[in-house]
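Below is one structure, written out as structure tokens; the observations come after it.
What you see below is based on every heavy atom in this structure, not just the backbone, and it leaves out hydrogens, waters and symmetry mates. Everything quoted here is computed from the prediction, not taken from an experiment.
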Amino acid sequence: MDDTNGQVVAGGNGEGNRLDQLCGPSDVLIDKETDSLIICDWENRRVVRWSRRSGTTQGEILIDNIAFAGLAMDDQRYIYISDYDKHEVKRYQIGDKNGAIVAGGNGKGAGLNQLNWPTYIFVDQQRTVYVSDRDNHRVMKWNKGAKEGIVVAGGQGEGNALTQLSHPQGLFVDTLGTIYVADSRNHRVMRWPKGAKQGTVIVGENGEGERANQFNGPIGLSFDRHGNLYVADYWNHRVQRFSIE
């Protein structure tokens with residue numbers, strides 16, 4: 001198998017809003033149940049689903065007219081979407097166009113029941129929603145059914161101290177409740193143990209740059225089953241892999 005060349009599995013027909021096109025896709029999930037891709041079609045302000053079966057030539061719209069940044073799915077196949085226009089996270093059953101607010105939804109602000117430009121989200125097995133509250137420089141945790149969230153990383157204003165974040169983006173939470181967050185404008189990835197008042201820098205202590213131990217605007221992160229960390233390094237136009245102790 002030649003793994004140096006990619007294969008187009010969605011879009012590929014130029015930029016546009018037809019059902020066989022995408023425009024600025026920003027996030028993707030695999031729905032194993034239906035063997036399909038669920039895609040943030042960002043510039044088209046819609047969520048689309050494309051079957052992974054060969055011969056698929058177009059997608060179907062699941063949700064449209066939404067200004068969203070992040071996408072997640074729980075083990076019950078509910079989709080979670082962060083809406084940075086409305087400063088909220090909503091949960092959708094597939095086929096439902098309206099959704100239910102599970103975080104924010106009280107206008108733009110810094111209150112515990114508010115968000116300010118939510119981006120990436122992570123949902124655990126208890127349906128707890130973690131959200132990078134980008135312009136509040138914090139990560140919030142909303143327990144299922146909660147009316148307000150809990151600050152679990154940052155929240156001490158914008159800065160580069162170990163108690164602070166600057167425009168947090170990509171997010172991952174392990175089974176112990178440890179939070180990994182791409183601290184984008186500090187050009188670092190931080191780890192915040194459950195209940196900690198400050199985090200530790202796990203990669204990117206060396207400031208903005210393009211060396212192997214540096215980032216320039218890290219935004220997305222993910223782990224594989226061997227514990228390797230993958231970081232989408234936005235302005236360096238690369239994805240880096242790190243072995244984390």
Straight-line distance of [X] [atom1] to [Y] [atom2], nearest 0.5 Å:
{"X": "Ser166", "Y": "Arg188", "atom1": "OG", "atom2": "CZ", "result": "8.5 Å"}
{"X": "Asp20", "Y": "Thr56", "atom1": "CG", "atom2": "OG1", "result": "12.5 Å"}
{"X": "Leu171", "Y": "Phe122", "atom1": "CG", "atom2": "CZ", "result": "8.0 Å"}
{"X": "Ile94", "Y": "Ile79", "atom1": "CD1", "atom2": "CD1", "result": "4.0 Å"}
{"X": "Phe223", "Y": "Leu229", "atom1": "CZ", "atom2": "CG", "result": "4.5 Å"}
{"X": "Arg77", "Y": "Gln93", "atom1": "CZ", "atom2": "CD", "result": "9.5 Å"}

Flag side-chain contact, heavy atom, 4.5 Å: [X] against [Y]:
{"X": "Asn17", "Y": "Arg46", "value": "yes"}
{"X": "Glu148", "Y": "Asn106", "value": "no"}
{"X": "Gln240", "Y": "Val189", "value": "no"}
{"X": "Ile244", "Y": "Arg191", "value": "yes"}
{"X": "Gln76", "Y": "Arg127", "value": "yes"}
{"X": "Tyr234", "Y": "Gln169", "value": "no"}
{"X": "Val123", "Y": "Met73", "value": "no"}
{"X": "Asn116", "Y": "His87", "value": "yes"}

Quickly, which of [options] forms a side chain to side chain contact (heavy atoms under 4.5 Å, CB included) with [X]? Name it, please.
{"X": "Trp117", "options": "Arg134, His167, Lys108", "result": "Arg134"}
{"X": "Ser82", "options": "Cys40, Ser132, Pro118", "result": "Pro118"}
{"X": "Met140", "options": "Val131, Ile150, Val152, Ile121", "result": "Val131"}

Please name the pair of heavy atoms, one in [X] and one in [Y], separated by the smallest distance, quoted to 0.1 Å.
{"X": "Gln114", "Y": "Asp133", "answer": "O-OD2, 4.0 Å"}
{"X": "Thr34", "Y": "Ser36", "answer": "OG1-OG, 2.6 Å"}
{"X": "Gly159", "Y": "Asn186", "answer": "O-ND2, 2.9 Å"}
{"X": "Val181", "Y": "Pro168", "answer": "CG2-CB, 3.7 Å"}
{"X": "Leu22", "Y": "Asn44", "answer": "C-ND2, 4.0 Å"}
{"X": "Asp96", "Y": "Tyr92", "answer": "O-CD2, 3.4 Å"}

Among all residues two or more places apart in sequence or in another chain, which pass the salt bridge (charged side-chain N to carboxylate O under 4.0 Å, His left out) test with Asp233? Arg238
When you measure from the side chain of [X] to the backbone N and O of [Y], does any donor-acceptor pair fall under 3.5 Å?
{"X": "Asn206", "Y": "Asn213", "value": "yes"}
{"X": "Asn136", "Y": "Arg138", "value": "no"}
{"X": "Asp174", "Y": "Leu176", "value": "yes"}
{"X": "Glu60", "Y": "Arg49", "value": "no"}
{"X": "Arg52", "Y": "Ile30", "value": "no"}
{"X": "Trp142", "Y": "Tyr130", "value": "no"}

So with a 6.0 Å cut-off around [atom1] of [X], is the heavy-atom count from everything else above 12?
{"X": "Glu15", "atom1": "CD", "value": "no"}
{"X": "Gln58", "atom1": "CD", "value": "yes"}
{"X": "Lys97", "atom1": "NZ", "value": "yes"}

Between [X] and [Y], is there shared hydrophobic-cluster membership here, with clusters defined by ILVMFWY side-chain heavy atoms closer than 4.5 Å?
{"X": "Val129", "Y": "Val173", "answer": "no"}
{"X": "Leu115", "Y": "Val151", "answer": "yes"}
{"X": "Leu19", "Y": "Val47", "answer": "no"}
{"X": "Val28", "Y": "Trp42", "answer": "no"}
{"X": "Ile81", "Y": "Ile39", "answer": "no"}

State yes or no: are the ring centers of Phe215 and Phe242 separated by less than 6.0 Å? yes
Take Leu165 and Trp192 through the test side-chain contact (heavy atoms from CB on, under 4.5 Å) and record every step on the way to the result. CA-CA 11 Å; Leu165 297 168; Trp192 293 65; 4.2 Å; yes
Does a side-chain N-to-carboxylate-O contact under 4.0 Å join Arg45 and Asp85? yes
Answer yes or no: is there an ion pair linking Asp83 with Lys90, defined by an N-O contact shorter than 4.0 Å? no
Would you sort out whether Asp41 and Asp64 count as a side-chain contact (heavy atoms from CB on, under 4.5 Å), showing the intermediate values? CA-CA 9 Å; Asp41 190 10; Asp64 58 6; over 6 Å; no
Can you confirm whether the side chains of Thr163 and Gln198 place a donor and an acceptor under 3.5 Å from each other? no
Does Lys86 form a side-chain contact (heavy atoms from CB on, under 4.5 Å) with Ile66? I'd like the steps, not just the answer. CA-CA 9 Å; Lys86 295 180 179 164; Ile66 183 167; over 6 Å; no
Does Thr119 form a side-chain contact (heavy atoms from CB on, under 4.5 Å) with Ile219? I'd like the steps, not just the answer. CA-CA 10 Å; Thr119 58; Ile219 63 163; over 6 Å; no
